[in-house]
Amino acid sequence: MKITREFFQRDPLTCARELIGCELVWNQTGGVIVETEAYSVRNDEACHTFTRPSSRGFVAEKPPGTAYVYLNYGMYWLLNFLVKGGAEDGFVLIRALEPTRGIEEMRRRRGMNELKNLCSGPGKLTRALAIDGTFHGQDFFAASEPILHAPPVPPEISTGPRIGITRAADLPWRFVAAGSRFLSAPMKNR
DNA sequence: ACACGGATACTA
DNA sequence: AGTATCCGTGTC
């Protein structure tokens, strides 16, 4: 089932949860999303909109579902989707995939053989799918080819605190496919 | 444990 | 122009 723009016209927590299990495909490479994080424009000091005026402008101007891609630590592109038009605006960060498409091509781009290491992190999966800064602001729902597909059956989900942040580090806004071996880090039980 | 690396947004 | 911070990864 194809994901439409309306999917992203809800709050970030709902979108982050329901993206787990969806297949993300770009140019014959991709996988099933097994880890996401929600970021909210309101009451979330970890969201880019809290410290970046350019990010607030992005939310104001772009339609829901737009790709928000930025360079972190000077080396790794991180992929988010803009969530807008529901109870809260914000972003969903895509943190890990279970590889399904173009595995040999992703192995080449990553210089890695082990399947569980290809897309098990937000910086890894963008490199595997060849996503970079040119994707920032791109509206995938204006294109003909869908890049997101909903699963026939929603997977079981675990939640916990987000990874790698300093502000609002206590909020349990990380979502993973329960028991997946393709995560960026193990989920703490709660 | 540590180095790597650059955009963004501050200060002045 | 100088500084602080940042949603990470591979190798040490």
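In what follows, every heavy atom counts, from backbone to side chain, and hydrogens, waters and symmetry copies are set aside. Chain identifiers are assigned alphabetically (A, B, ...) following the order of the sequence lines, protein sequences preceding nucleic acid strands; residue numbering begins at 1 within each chain.
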Can you tell me how far [atom2] of [N] sits from [atom1] of [X], to the nearest Å?
{"X": "A:Arg167", "N": "C:dC6", "atom1": "CZ", "atom2": "C1'", "answer": "8 Å"}
{"X": "A:Arg127", "N": "B:dC4", "atom1": "CZ", "atom2": "C1'", "answer": "11 Å"}
{"X": "A:Asp132", "N": "B:dG6", "atom1": "CG", "atom2": "C1'", "answer": "14 Å"}
{"X": "A:Leu78", "N": "B:dT8", "atom1": "CG", "atom2": "P", "answer": "14 Å"}
{"X": "A:His136", "N": "B:dT8", "atom1": "NE2", "atom2": "C1'", "answer": "12 Å"}
{"X": "A:Tyr73", "N": "C:dT9", "atom1": "OH", "atom2": "P", "answer": "10 Å"}
{"X": "A:Arg95", "N": "C:dC7", "atom1": "CZ", "atom2": "P", "answer": "10 Å"}
{"X": "A:Tyr76", "N": "C:dT11", "atom1": "OH", "atom2": "C1'", "answer": "10 Å"}

*Using the closest heavy atom to pick a nucleotide of DNA chain C for each, name whichever of A:Gly164 or A:Asn117 lands nearer the 5' end.*
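It is A:Gly164 whose nearest nucleotide is closer to the 5' end.
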*Between C:dC7 and B:dC10, how far is it from one P atom to the other, in whole Å?*
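Here C:dC7 and B:dC10 have their P atoms 15 Å from each other.
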*Can you tell me how far P in B:dG5 sits from the matching atom in C:dC12, rounded to whole Å?*
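It comes out at 15 Å once rounded to the nearest Å.
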*DNA chain C in dot-bracket, Watson-Crick or G-U pairs under 3.5 Å, [ ] crossing, | other strand?*
||||||.|||..
*Using the ring-ring contact (aromatic ring centres under 6.0 Å, His included) rule, pick out the option among A:Phe91, A:Tyr70, A:Tyr39 that qualifies with A:His48.*
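One option only clears the test, and that one is A:Tyr70.
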*When hydrophobic residues are tied together by side-chain contacts of less than 4.5 Å, even through go-betweens, does A:Ile103 share a cluster with A:Leu129?*
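Yes, because A:Ile103 and A:Leu129 connect within a single hydrophobic cluster, where side-chain heavy atoms sit under 4.5 Å apart.
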_Of the listed nucleotides B:dC4, C:dC6, C:dT9, the one nearest the side chain of A:Met75_ =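 Selected nucleotide (nearest to the side chain): B:dC4.
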*Return the nearest nucleotide to the side chain of A:Arg110; candidates are C:dC7, C:dG8, C:dT9.*
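It is C:dT9.
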Aromatic ring proximity, centroids under 6.0 angstrom, [Y] and [X]:
{"X": "A:Trp77", "Y": "A:Phe135", "value": "no"}
{"X": "A:Phe8", "Y": "A:Phe81", "value": "yes"}
{"X": "A:His136", "Y": "A:Phe58", "value": "yes"}

*Does A:Arg174 place a side-chain N or O at less than 4.0 Å from the phosphate oxygens OP1/OP2 of C:dC7?*
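No, because none of the side-chain N or O atoms of A:Arg174 sits under 4.0 Å from OP1 or OP2 of C:dC7.
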*Strictly by modelled atom types, are A:Arg56 and A:Thr49 linked by a side-chain donor-acceptor pair under 3.5 Å?*
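Note: A:Arg56 and A:Thr49 side chains miss the donor-acceptor criterion.
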_The test is side-chain contact (heavy atoms from CB on, under 4.5 Å); show your working for A:Arg101 and A:Gln28 and say whether it passes._
CA-CA 6 Å; A:Arg101 312 266 192 119; A:Gln28 319 291 342; 6.0 Å; no
*Give the intermediate values and the outcome of side-chain contact (heavy atoms from CB on, under 4.5 Å) for residues A:Leu97 and A:Leu24.*
CA-CA 8 Å; A:Leu97 309 176; A:Leu24 171 66; 4.3 Å; yes
*What nucleic acid atoms does A:Ser184 come within less than 4.0 Å of, heavy atoms only: base, sugar-phosphate, or nothing?*
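Nothing, no nucleic acid heavy atom in range.
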*After noting the C-alpha distance and the side-chain angles of A:Thr36 and A:Ile20, does the key distance pass the side-chain contact (heavy atoms from CB on, under 4.5 Å) rule?*
CA-CA 7 Å; A:Thr36 62; A:Ile20 300 297; 3.7 Å; yes
*Show the numbers, then the answer: is there a side-chain contact (heavy atoms from CB on, under 4.5 Å) between A:Asp11 and A:Val83?*
CA-CA 7 Å; A:Asp11 65 280; A:Val83 173; 5.7 Å; no
*asked:* Using a strict heavy-atom distance below 4.0 Å, which residues from residues 39-59 of chain A are in contact with DNA chain C?
replied: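 Only A:Tyr39, A:Ala46, A:His48 qualify.
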